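Keep in mind the model is a prediction, meaning the values are calculated, not measured. Just so it is clear: chains get the letters A, B, ... in the order the sequence lines come, proteins before strands, and each one is counted from 1.
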Number of protein chains: 2
Amino acid sequence: MAASTKPLILSILKEGKSYGYLIIQKVKDLSGGILEWSDGMLYPVLHRLEKEGYIESEWMISENGRRRKYYSITEQGKLELIAEKEDWLSVQAVLAKLWGILPTE
Amino acid sequence: MAASTKPLILSILKEGKSYGYLIIQKVKDLSGGILEWSDGMLYPVLHRLEKEGYIESEWMISENGRRRKYYSITEQGKLELIAEKEDWLSVQAVLAKLWGILPTE
DNA sequence: GCAATATACATTGAATATCTATGTAGATAT
DNA sequence: ATATCTACATAGATATTCAATGTATATTGC
C-alpha cells in the first residue's frame, strides 16, 4: 500500500526538513522495521509531491562531504496534510467500527 | 484514496453477503455520509477482487423482482483481510506516533 | 590497500490501478 | 408522466506503482 506514502512523507517533513535516505530510515524506525521502503519507490513520489507544490527541495553538503537533497514541507503541503489526515481518519473510523476496535481519539 | 476500498469491502462482506449498491450505502452510512463511493468506481474493484479469488458472486432476485449480484467473502479473502488489516494497522501506528494520537489498541 | 557495504540520488518502462463518463433497465414516488 | 432511486456494466484516458538499473562517494572490515 503505497497510498500511505503521501501522509507519511508530509507528516515526517512537518517535523523538520529531511532527505530521501533518512526518510526511509525514519519510516523503518517508527514502524519497528515493518515498513521498508525502497528508494526507487520513494524518489518518484518526492518528485511528484514537489511538482505539486507540497514540498520543496534544496541541495546541501553534509559534514562528511556527501551531497543531499533536503526536502521541506510548504504551506500548501501543510494544508494538504490536514486534508489527508481527515481522509485517513474517516476511513480509520469506519474500519474501527467494522473491526470492533476503538477509533483514534 | 481508493486504496482503502479493499479492506473496507472485505470487512463489510465478512459480516455477511452484500451487493454493490448496498455496499455503497453501508460505507456512506458507517462514515456518517463522509465517504461517498460512486458505482463506476466500485464495480471494477468488485470484479477484480472476484477475479483474484477473494470474493465470489451469485445472481439473486430480490422480493420486488430486482436482480442483484450478491458477493460473499471466500476463505482466501478472509486470509487476505487479515493481511490487509495488519498492513493498515502498521501504517496507522506510525501515523499515530507522528500525529501524537493514541494507536488503535 | 582492497573489497564489501552503506550512503545518496535518479530514471525508465512495463504492469496495474483509478475513476469519470456513459450506457442499460426496471421500480417507486410525486 | 416524469423524476428519482435502485442496480449493474464497461470503455478508455490518465495516473500510479515499483522493480530494475545506473551513477557516485564514504566508510568499514580485513
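The aromatic rings of A:Tyr70 and A:Tyr19 lie perpendicular to each other, with more than 60° between the two planes, well past the 30° mark.
For A:Ser57 (side chain) and A:Lys69 (main-chain N/O), no donor-acceptor pair under 3.5 Å exists by modelled atom type. A donor-acceptor distance shorter than 3.5 angstrom exists from the side chain of A:Ser62 to the backbone of A:Arg66, with no hydrogens or angles considered. Between the side chain of A:Lys97 and the main chain of B:Leu30, a donor-acceptor pair closer than 3.5 Å is present.
Nearer to the 5' terminus of DNA chain C, by closest-nucleotide assignment, is the contact made by A:Arg68 (compared with the other of A:Pro44 and A:Arg68). Mapped onto DNA chain D by nearest heavy atom, A:Asp39 and B:Leu22 fall at different nucleotides, with B:Leu22 at the one closer to the 5' end. Mapping B:Gly40 and B:Tyr19 onto DNA chain D by nearest heavy atom places B:Tyr19 closer to the 5' end of the strand.
Atom-to-atom, CH2 of B:Trp37 to P of D:dA9 comes out at 16 Å; the value is rounded to the nearest Å. Protein atom CD1 of B:Ile61 is 12 Å distant from nucleotide atom P of D:dA7, rounded to whole Å. Atom CZ in A:Arg48 sits roughly 9 Å away from atom C1' in D:dA15 (whole-Å rounding). To the nearest angstrom, P of C:dC19 lies 12 Å from CG of B:Leu35. Across the protein-nucleic acid pair, B:Ile24 atom CD1 and D:dA9 atom P stand 12 Å apart, rounded to whole Å. Going from atom NZ of A:Lys6 over to atom C1' of D:dT16 covers 12 Å, rounded to whole Å. One can place CG of A:Leu42 at 13 Å from P of D:dA19, the figure rounded to the nearest angstrom. Regarding B:Lys69, its NZ atom lies at a distance of 16 Å from the C1' atom of C:dA25, rounded to whole Å.
Under the Watson-Crick and G-U wobble criteria, each requiring two contacts below 3.5 Å, nucleotide C:dA27 is paired to D:dT4.
Within the 4.0 angstrom heavy-atom criterion, only backbone atoms of the sugar-phosphate kind lie near B:Gly20; the bases stay farther away.
At the phosphate of D:dA7, OP1 or OP2 sits under 4.0 Å from a side-chain N or O atom of B:Arg66. Taking 4.0 angstrom as the limit, B:His47 places none of its side-chain polar atoms (N or O) nearer than this to OP1 or OP2 of D:dC8.
A side-chain contact (heavy atoms from CB on, under 4.5 Å) with A:Lys6 holds for exactly one of A:Leu10, A:Ile9, A:Leu8; it is A:Leu10.
Taking every side-chain heavy atom of A:Ser38 into account, D:dA19 is the closest of D:dA19, D:dA9, C:dA17. Of all nucleotides listed (C:dA10, D:dC5, D:dC18), C:dA10 comes nearest to the side chain of A:Tyr43.
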